[in-house]
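Working notes for the structure below.
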Amino acid sequence: MADITRRTFILSSAGLLGSCLLPRAIWAAGIGAPRGPAWAASPGDEALAPREQLLFDFGWRFSLGNGADPNKDFGYGFGQGDFSKTGSFKIATSAFNDSGWHALDLPHDWAVELPFVHDDSGDDDTRLTSHGYKPLGRRFPDTSVGWYRREFEIPESDRGRRIWIEFDGAMRNVALFVNGCFIGQHDDGYTPFRFDLSDFLNYGGKNYVVLRVDASFGDGWFYEGAGIYRHVWLTKMDPVHLGRWESVVRSTIKDQSAALELATIVQNDGEQPADASLEWTIIDAEGRTVAQATSPAQSIAANASGHYQATASISNPALWSPDEPHLYAAIVKVVVGGSVRDGERVPFGIRTAVFDPDHGFFLNGKPLKIQGTCNHQDHAGVGAALPDRLQSFRVSVLQGMGCNAVRTSHNMPTPEWVEACDRMGMLMMCETRHMSSSPSGLQQLETMVKRYRNSPSIIIWSIGNEEWILQEGEMAKEGERIAATMVERCHELDPTRVVSAAVNGNNEQGVSNSLDIIGFNYHLEFPDKFHAEHPKRAVFGSETSSAIATRGEYKTDKTKYTVSSYDGVVPWGESPEQWWTFYGSRDWLAGGFAWTGFDYRGEPTPYGWPSISSQFGIVDLCGFPKDYYYYYKAWWTKAPSLHVFPHWNWAGKEGQQIPVWVYTNLDEVELLLNGKSLGIKQVPRLGHVQWDVTYAPGVIEARGRRNGQTVLVERRETTGPARKLRLAADRAEIDADGQDVSMITVDVLDDHGRPVPTANHALSFRVSGAGKLIGVGNGDPNSHESDKGSKRALFNGLAQLIVQSTGQAGAIHIEAVSEDSAAPSISSASLVVKTKKTSAAVKRVS
Ligand code: GAL
């Protein structure tokens, strides 16, 4: 694009110019595989016929292999035979007996099942800290390779269709074999990939698919899991079909109506030319048709493709926003000779998104501060293999503190996370893993942009994070070129969104010169100066804070590897109050993304072993809030909010000073100890109030006032000993589809029914009936208990169970029992979660 620079290009297309505060045309469209809204039928539903997209998650067998010894790796690489003749790979034929492999369903992360290994040899890049002390890497050949195998049938009636196996992602280096034939490989751990199996299948009989997944290499410096940790699909289509991720819906809003530009590509994989026309039906969230369009027939030669366009308009469109995430869907059908040959459903939203250098971010023409968090993709109990419902759970936890945006640090996200953000109204900065314009770097970027460019939640593409060498190092000049190529490719595929990167530095050279908008990681000393010197460049905080805290701990204790909840922060970071006071009080800053929303495995800062997870989260690994969750809640939400901490169980500290903090957005707070006032304090904007209180058991009470009226009162009471366990489900009824989960919180109460915040009792669980226990956690960064066992201690009063339906309608019975011999008097708890069959269940490979 010669010397229309990337920046002028995006300035004109997305309205970044200072003078242009009015929303400009923004193209927004949707993603596949939706679940949830009434209109969003499952993949494989009738509306898309004759296309079938079948979930291929169930009925697999798995075995660990070996990265060093072919004798322990099913003979793989023993000689030259594996690839020498097509059809000769025995493991993927009926000749192989996999009865010694164990049965499982996907998604699956074998790393989370491995024991923790204390290995601190080497430097930061080679130690096991990044993996959270899970033994992955070439030094751990016994646990770094996994094999997956499945038998499946293809009916005779499928002959003539194109049949793909599609992976949403696998960690990492996949080699795929079908019916004895080597089919292909895929290297990186985050992009989806697929293979056309049509020529290799046995129609009307049995077929065998085998994957060797090698997680010896990682893609990042954080816990990444291992195995097929995202969904797998078997997709069957007519030879004349829509191109993958080629359907795009873009909208321009004018005079109370949205003009839609519709585009796609039809591929003819058949042997004859086809005269194909297109039908577009736009439906709203209730499934009502709101617009229709057609694209006239084109003759597409065999093995060729045709580009199609159409326009439509929607009057009085319901705009997408975090408060009201209205979605539409375009149903695209390919018609040949009067019959429908293929179809797909493209969810999209209608909205404008503009970054302004002087006034920050605007959604639908209104200023909106980005109140964001960065997040990795793992969770307690399941590692990187999250059931879909858990994505929504995580979004709702973040929304509870007013978070309105997430950054998919540092990789292409799983589809269900993006879908949850679209459906629930969470903005996204969507990041690719490798900053590179090499063929593989561009391939990763292109896949991400094409896959998600219809998603209304995404407002920024990120081409990478903290690439020191390309930024300020010896390759800064090359960095500028590499970034320029990546930015240009994003614009070609999606001219509606800005492109940025997360830069740890002054943004004055290298990569930064090629970006549309400027993201600062940390370093509050840089943005003001940058803004003064580059007044036409919009700025946001791509990564901020890195505050650290152990949930429920109020002392930094190096012998217990805990971090105080008052104001822990790493040397390069800022407390929540420090960074938000900065970003929240400058209109020209668009807001930012705190590191991190959730704790994650790996990067066990500040201690290393025996800590196995990070402590950066605003919530812990389970999603239980740390105290500073309520700092954000106070200043990121409008409703009155008040939180007083710490707990008031300080036996043995009578007469000693205990700091008591209050996070609130009210005007003033009065603190009382056992009914006696300790004074009233005015709340500084974006700040907090605190007292030093001489400890006496009883009650501390914070009374928050606005305009002289008491609006909220919060207490912490000294509890008695733990007496009775309690179980609570986030959802009392779930789908009987073998995938849905209920998130169960476990706590323990005293004689007066008060939760005991310091309880750490050992517990065990029994789950029976129409469900199973797929993971346990407690948010303790130092716990080495298994995520997969049926035991887990409470950590500072809390534990979490993830219970999944097994496919039967009925009831899941859950029981929690104390195993603590020192506290025999704690009574057990039980709970029932119902499971019910729904018609919306995704069709699957039988
Ligand atoms: C940043 C980096 C993150 C994480 C964080 C910890 O520099 O981008 O991935 O490592 O530091 O503070």
Side-chain angles (χ1 to χ4, degrees), residues 123-133 189-190 218-225 372-378 384 405-413 429-435 460 462-473 479 483 500-507 510-512 515 518-527 540-550 556 563 567-576 578-580 583 592-608 611-621 626 628 781:
D123 56 22
D124 271 359
D125 288 336
T126 55
R127 290 184 302 155
L128 273 186
T129 43
S130 299
H131 280 307
Y133 294 101
Y190 297 103
D219 279 303
W221 55 94
F222 36 88
Y223 177 89
E224 301 188 283
T373 58
C374 305
N375 288 282
H376 283 313
Q377 59 174 8
D378 60 304
V406 289
R407 170 174 168 228
T408 71
S409 48
H410 302 293
N411 51 263
M412 179 170 173
M429 171 172 172
C430 195
E431 187 159 290
T432 192
R433 180 65 289 283
H434 285 132
M435 185 182 283
I460 305 170
S462 167
I463 60 167
N465 175 70
E466 295 190 350
E467 294 287 344
W468 323 99
I469 302 166
L470 304 184
Q471 183 62 38
E472 296 178 3
S500 192
V503 171
N504 192 324
N506 62 9
N507 268 305
V511 168
S512 309
L515 303 174
I518 291 297
F520 280 101
N521 282 14
Y522 311 99
H523 292 293
L524 297 184
E525 73 275 20
F526 291 141
F540 73 109
S542 38
E543 188 175 312
T544 65
S545 192
S546 274
I548 39 176
T550 315
T556 296
V563 181
D567 232 350
V569 65
V570 292
W572 60 91
E574 311 101 20
S575 69
Q578 282 166 339
W579 88 267
W580 191 248
Y583 277 86
F593 296 86
W595 189 266
T596 48
F598 280 73
D599 272 345
Y600 54 95
R601 288 153 213 274
E603 288 203 309
T605 317
Y607 296 114
S611 300
I612 48 84
S613 72
S614 86
Q615 308 217 30
F616 292 116
I618 300 166
V619 301
D620 70 18
L621 215 50
K626 302 180 186 176
Y628 47 50

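Heavy-atom basis, side chains included; hydrogens, waters and symmetry copies ignored. Numbering of ligands and ligand atoms starts at 1, following listing order.
Proximity to Trp572 (heavy-atom distance under 4.0 Å) selects the following atoms of ligand 1: 12 (O). Per-residue contacts place His410 under 4.0 angstrom from the following atoms of ligand 1 (heavy atoms of the residue considered): 3 (C), 8 (O), 9 (O). Heavy-atom contacts of Tyr522 reach the following atoms of ligand 1: 1 (C), 5 (C), 7 (O), 11 (O), 12 (O) (cutoff under 4.0 Å). The ligand atoms of ligand 1 that sit less than 4.0 angstrom from a heavy atom of Ser546 are 6 (C), 12 (O).
Here Asn504 contributes atom CG and Glu543 contributes atom CD; the two are 8.0 Å apart, rounded to the nearest 0.5 Å. Interatomic distance, OG1 of Thr544 versus CZ of Arg407, reported as 10.0 Å (0.5 Å rounding).
Judged purely by distance below 3.5 Å, without hydrogens or angles, the side chains of Tyr607 and Gln615 never pair a donor atom with an acceptor atom. Using modelled atom types and a 3.5 Å distance limit, the side chains of Asn375 and Thr596 yield no donor-acceptor pair. No hydrogens or angles considered: nothing links the side chains of Glu431 and Asn465 as a donor-acceptor pair under 3.5 Å. Looking only at atom types and distance, the side chain of Tyr522 has a donor-acceptor partner in the side chain of Ser546 under 3.5 Å away. Judged by distance alone, the side chains of Gln471 and Ser512 do bring a donor and an acceptor atom under 3.5 Å apart.
For atom 5 (C) of ligand 1, the closest non-hydrogen atom on the protein side is Glu543 OE2, 3.5 Å. For atom 7 (O) of ligand 1, the closest heavy atom belonging to the protein is Glu466 OE1, 2.6 Å. Here the protein heavy atom with the shortest distance to atom 4 (C) of ligand 1 is Glu603 OE1, 3.3 Å.
At least one N or O atom of Trp221, backbone or side chain, sits closer than 3.5 Å to an N or O atom of ligand 1. Checked against a 3.5 angstrom limit, the closest N/O atoms of Tyr600 and ligand 1 fall outside it. Considering both main-chain and side-chain atoms, Trp595 never comes within under 3.5 Å of ligand 1 through any nitrogen or oxygen pair.
Note on Arg433 versus Asp219: no salt bridge recorded, every NZ/NE/NH1/NH2 to OD/OE distance being 4.0 Å or above.
Residue contact check for ligand 1: Val570 places no non-hydrogen atom closer than 4.0 Å to it.
The side chain of Asn465, and not its backbone, has at least one atom closer than 4.0 Å to an atom of ligand 1 (non-hydrogen atoms only; side chain from C-beta on).
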